[in-house]
There are 2 protein chains.
Amino acid sequence: MRSYAQYCSVARALDVVGERWTLLIVRELMQQGSCRFTDLKNGLPGIATNLLSSRLKDLENDGLIAREEAPPPVATTLYALTAEGRSLEPLLKALGDWGRHLMVAEHPGDAFRAHWMAYAAESFTVDSEPEARPVVVQLISGDNSAFIEVGGGEVRSTVGRAAAPELTIEGPTRLVLGLLAGMIDMGQAIGSGARITGNSDVLARLRRAGPGLVPDAAVSSRLGRRTRTGASSA
Amino acid sequence: MRSYAQYCSVARALDVVGERWTLLIVRELMQQGSCRFTDLKNGLPGIATNLLSSRLKDLENDGLIAREEAPPPVATTLYALTAEGRSLEPLLKALGDWGRHLMVAEHPGDAFRAHWMAYAAESFTVDSEPEARPVVVQLISGDNSAFIEVGGGEVRSTVGRAAAPELTIEGPTRLVLGLLAGMIDMGQAIGSGARITGNSDVLARLRRAGPGLVPDAAVSSRLGRRTRTGASSA
DNA sequence: CCGGATCCCCAGGGATACTG
DNA sequence: CAGTATCCCTGGGGATCCGG
């Protein structure tokens with residue numbers, strides 16, 4: 001494990017979680033809870049098995065995750081975050097918040113997973129009307145579906161289909177999430193191929209107050225192609 | 001530039017700022033403002049010049065920093081954060097906050113810079129008594145000195161010496177910062193070689209409320225040696 | 001099928017020398 | 001001072017193989 005060898009808290013944090021894939025492994029465990037090796041591999045398209053194995057060892061040595069040997073019925077080893085591992089949540093939140101504005105750019109080959117959509121939907125939105133009655137919003141993007149439950153000031157997300165959603169947004173993930181986050185408006189979304197059914201007034205309730213959601217078109221278009229690591233696009 | 005190729009805001013953020021050295025360059029520009037190439041090199045002990053050069057180009061392409069050609073008197077190029085670059089502050093903050101608990105472990109060869117101490121002192125403390133009169137705390141660690149001014153609910157830090165500090169803490173940086181952050185107590189600090197002069201009651205005022213500052217001895221001792229990248233220890 | 005370990009190859013990183 | 005050029009080496013990507 002390589003160190004920056006600087007007596008600075010930022011550098012020391014990066015010594016531990018700054019290597020490639022490390023924070024994404026933490027993201028998976030944060031979103032999914034305990035995972036098998038294969039679950040992790042599946043949630044991290046593009047990672048090599050030796051790297052995943054190596055990172056898991058490092059994370060265990062640093063006390064961020066723990067291995068649990070599951071009893072006979074399943075008879076497999078599970079990986080889970082420790083308390084210290086969970087303490088990375090604000091960092092992951094900050095990273096996801098900052099990365100939000102990068103989500104409008106189209107990168108055709110990008111892989112996608114339903115639980116990422118659930119996670120994004122949860123962290124990109126907020127219940128601005130805690131007093132109003134709870135509502136459910138269904139999100140659908142190709143095979144991937146998730147729904148969010150909004151009420152009492154909380155936003156909770158789940159992978160899959162809801163029974164009776166007040167609002168359904170279906171279309172390319174960019175549009176679904178962009179619409180939720182307020183980065184694009186409904187006219188744009190529909191014009192670009194999104195389908196919205198139900199009570200669209202609900203969208204306003206999900207808006208975060210203040211700035212930070214403005215689409216930075218200049219930035220998103222300036223960001224050029226990056227070399228792909230050959231991931232399967234789900 | 002390599003990409004994770006995942007349609008997830010965390011992954012996309014890491015595509016841009018996840019490569020080695022990138023966030024530390026941002027840290028330097030955040031702490032120091034506009035920098036010359038050499039200033040950056042000096043604030044990033046261990047970095048290779050080609051890497052620094054390469055990262056600066058990447059950061060410029062991504063719109064996080066901008067080059068300014070300074071007029072004849074200085075006649076050099078300066079690097080500065082753009083507005084989007086400055087938007088990384090919460091992320092750097094989260095990283096530094098998480099890394100705080102790693103600062104108690106001793107890594108003998110680590111490099112150190114006075115402005116890192118200033119930055120750490122500022123982000124590790126808080127003015128818990130905004131109504132009380134302003135005070136100045138001087139921090140000294142070998143050749144490196146910085147002081148913090150506390151008052152009106154704000155904490156501001158500066159590299160160098162203050163005129164008439166209410167409190168002076170001198171000793172190994174671990175002890176100085178550990179004492180400020182509340183990770184070690186005064187008895188320990190003095191016993192380990194710190195020298196404290198002035199009104200030590202001021203320390204209590206700097207304490208952050210709530211948990212999060214507890215020294216995790218188990219963790220810090222478990223964190224083993226990492227290979228150094230050959231940095232000069234200032 | 002799961003949980004890796006092993007091997008090969010290449011790109012990215014580290015150290016140093018050199019130039020405008 | 002501000003980089004560029006070069007060389008070397010390690011870490012990461014990709015595929016395959018193997019024990020349980």
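Remember, predicted model here, so these are calculated numbers, not experimental data. Residue numbers begin at 1 in each chain, while the letters A, B, ... track the order of the sequences.
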| For atom NZ of A:Lys41 and atom P of C:dG4, their distance in whole Å | 13 Å
| Pairwise distance CD1(A:Ile65) to CZ(A:Arg86) - rounded to 0.5 angstrom | 12.5 Å
| query | To the nearest angstrom, how far is A:Arg55 atom CZ from C:dG4 atom C1'? | reply | 16 Å
| Sequence-distant partners of B:Trp98, ring pair (Phe, Tyr, Trp, His ring centres under 6.0 Å), two or more places apart | B:His101
| task | Quickly work out the A:Arg20 CZ to C:dG12 C1' distance and round it to whole Å. | result | 11 Å
| message | Measuring to OP1 and OP2 of D:dG11, would you say a side-chain N or O of A:Trp21 lies under 4.0 angstrom away? | response | no
| message | Checking A:Arg27 against B:Gln6: is there a side-chain donor and acceptor pair closer than 3.5 Å? | response | yes
| Between A:Tyr4 and C:dG13, is there a side-chain N or O to OP1/OP2 distance below 4.0 Å? | no
| field | Phosphate-side-chain proximity, A:Thr77 and C:dG4, N/O vs OP1/OP2 below 4.0 Å | value | yes
| query | Are any of the side-chain heavy atoms of B:Tyr79 and B:Leu59 separated by less than 4.5 Å? | reply | no
| query | Counting only N and O atoms by type, is there a donor-acceptor contact under 3.5 Å from the side chain of A:Arg12 to the main-chain atoms of B:Ala105? | reply | yes
| Lys/Arg N to Asp/Glu carboxylate O, A:Asp97 vs A:Arg100, below 4.0 Å | yes
| task | May I have the distance from A:Glu19 (atom CD) to C:dG12 (atom C1'), rounded to whole angstrom? | result | 14 Å
| field | Protein-nucleotide distance (B:Glu60, atom CD; D:dG3, atom P), rounded to Å | value | 10 Å
| message | Output the rounded distance in Å from CG (B:Leu51) to P (D:dA5). | response | 15 Å
| request: Check the distance between D:dG11's C1' and B:Arg2's CZ and give it to me in whole angstrom. | output: 9 Å
Can you check nucleotides 5-10 of chain C for protein contacts, nitrogen or oxygen pairs under 3.5 Å, and list what you find?
residue	atom	partner	partner atom	Å
C:dA5	OP2	A:Ser53	OG	2.9
C:dA5	OP2	A:Lys57	NZ	3.4
C:dA5	N6	A:Thr49	OG1	2.7
C:dC7	N4	A:Asn50	ND2	3.4

| Contact under 4.0 Å: B:Thr76 side-chain N or O vs D:dC1 OP1/OP2 | no
| remark: To the nearest angstrom, the CG-C1' distance between A:Leu78 and C:dG4 comes to 15 Å
| field | Smallest separation among heavy atoms of B:Val16 and A:Leu102, with atom names | value | CG2-CD1, 3.7 Å
